[in-house]
Q: 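I'd like to ask some things about the structure below.
Every chain is numbered from 1, with letters handed out A, B, ... down the list of sequences.
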Amino acid sequence: MPELPEVETYRRYFEATSLDQTLLGIDVADHKLLTTDYGTLTQSLIGSRFVRTHRIGKHLFITTDRGQVMVMHFGMSGGLAYFRDQEDTPRFARIVFHFAGGFRLGFLCPRKFERIGLVDSIEGYALAKGLGVDALEVSVENLMAKLSGKKAMVKPLLLDQATVAGIGNWIVDEVLFQAKVHPETRGYQLTEADIRRIHAAIGVVLQTAIHHEAAYGRFPTDFLIHAREWDDSPYADQRAHTRCPRCGNDLRVIRVGGRATYFCPVCQPAVAREAAEPVKANRAQAAG
DNA sequence: CGCTATGTTGTTCC
DNA sequence: AGGAACAACATAGC
């Protein structure tokens, strides 16, 4: 589930566990998980210490005392686990960093969508990847420029890491729910007030999620996430968790941009298309 | 077995 | 060119 709040939580975890220890070795069970070849990776890192972390969106950067920069991306299911003894190696720890002193850091990759590699610099990587500003730091003005006037729907726009870095599928639904914006609203249909609410919601949702260390079960009860979380379980009483936490009406699940999308049709009504559409449509045929 | 999944990237088509 | 739809990646879990 690594969206920005999880990666921020992993960053703090890394800081708390894995800094300032000499790296003795790196075990890599599947080389497809590396974006830098194994020889270069080990040659560049072994013998050095991790000294600093930085996060942009869902990317975690770790700098060594020799100035090398390693980037971690957690894909759809990655994580970190610090441990000591071999027998405590967590399942899916397909990359393991060994530190002098006997502790190890496991990079968990259940589905092998995760990646580790070296980059020349954080800035260069962000530029090459076209990463937008981190969602925790994005300004209203920046968001305004990235959303207004766009033909695409607001949900795919917010999911685009070039718009803002760090927003994933659950977060974007939560943000749009709290901002009371329908996920299929086009960029050009958003009012300034809409974008201001979206901006505020991004802040609230991310800060709340980080505060709870991304443990969704502990989020406030008026968060949409609970509907999705429990709806996943075929054993749960689905009825009880498919209602809007604010108005009590039935939530809807649709697909937007190929992604499952939860929203409340009452709190997040679709905008009237004709009102906001650019001058182009011939409405003469609309008689009925 | 069949289906879905938190992300990213690339292709293909309009 | 922008945008949308979809597949692919590899695997787990229900």
Q: What string of B, S and - do you get for nucleotides 8-14 of chain B, 5' to 3', if B is base contact, S is sugar-phosphate-only contact and - is no contact with any protein heavy atom under 4.0 Å?
A: BS-----

Q: Calculate the interatomic distance between Arg94(A) atom CZ and dA10(C) atom C1'; express it in whole Å.
A: 9 Å

Q: Enter the distance from Leu80(A):CG to Ile95(A):CD1 here, rounded to the nearest 0.5 Å.
A: 11.0 Å

Q: Round to the nearest Å and state the distance from Trp170(A) atom CH2 to dG7(B) atom C1'.
A: 13 Å

Q: Just to verify, which of Glu174(A), His226(A), Glu6(A) counts as forming a side-chain hydrogen bond (donor to acceptor under 3.5 Å, both in side chains) with Tyr216(A)?
A: Glu6(A)

Q: Rounded to the Å, how far apart are Glu114(A) CD and dT11(C) C1'?
A: 9 Å

Q: Has Arg246(A) got its NZ or CZ under 6.0 Å from the middle of the six-membered ring of Phe177(A), at an angle within 45 degrees of the ring axis?
A: yes

Q: Are Tyr82(A) and Phe103(A) near enough that their ring centres are under 6.0 Å apart?
A: yes

Q: Over how many whole Å does the gap from Leu224(A) atom CG to dT6(B) atom P extend?
A: 13 Å

Q: For Phe74(A) and dA12(C), what is the distance between atoms CZ and P respectively, to the nearest whole Å?
A: 19 Å

Q: Under 3.5 Å, is there a donor on one side chain and an acceptor on the other for Thr53(A) and Arg11(A)?
A: yes

Q: Is atom CZ of Arg84(A) surrounded by more than 12 heavy atoms (other residues, nucleotides or ligands) closer than 6.0 Å?
A: no

Q: Is there a donor-acceptor pair closer than 3.5 Å between any side-chain N or O of Gln161(A) and the backbone N or O of Ile167(A)?
A: yes

Q: Provide, to the nearest angstrom, the distance between the CZ atom belonging to Phe113(A) and the C1' atom belonging to dT11(C).
A: 8 Å

Q: CD of Glu174(A) versus P of dT6(B): gap in Å, rounded?
A: 14 Å

Q: Write down the protein N/O and nucleotide N/O pairs, taken from nucleotides 3-5 of chain C, whose separation is under 3.5 Å; answer none if there are no such pairs.
A:
from   : atom 1 : to        : atom 2 : distance (Å)
dG3(C) : OP1    : Lys151(A) : N      : 3.3
dA4(C) : OP1    : Arg186(A) : NH1    : 2.5

Q: Is there a side-chain contact (heavy atoms from CB on, under 4.5 Å) between Phe50(A) and Met70(A) once you walk through the steps?
A: CA-CA 9 Å; Phe50(A) 297 125; Met70(A) 178 174 76; 3.7 Å; yes

Q: Without decimals, in angstroms, what is the distance between Tyr188(A) OH and dG2(C) C1'?
A: 13 Å

Q: Among the candidates dA12(C), dT6(B), dA10(C), find the nucleotide nearest to the side-chain atoms of Arg91(A).
A: dA12(C)

Q: Going through the distances and angles, do Leu176(A) and Leu158(A) end up as a side-chain contact (heavy atoms from CB on, under 4.5 Å)?
A: CA-CA 10 Å; Leu176(A) 292 175; Leu158(A) 287 172; 4.0 Å; yes

Q: As an exercise, state the distance from CG of Leu147(A) to CG of Asn142(A), rounded to the nearest 0.5 Å.
A: 9.0 Å

Q: At less than 4.0 Å, is any side-chain N or O atom of Arg255(A) found next to OP1 or OP2 of dA5(B)? Yes or no.
A: yes

Q: For DNA chain C, what string of dots and brackets results from 5' to 3' when Watson-Crick and G-U pairs need both distances under 3.5 Å, crossing pairs get [ ], and pairs with another strand get |?
A: .||||||||.||||

Q: For the pair Asp30(A) and Arg94(A), find out whether any cationic side-chain nitrogen is under 4.0 Å from an anionic carboxylate oxygen.
A: no

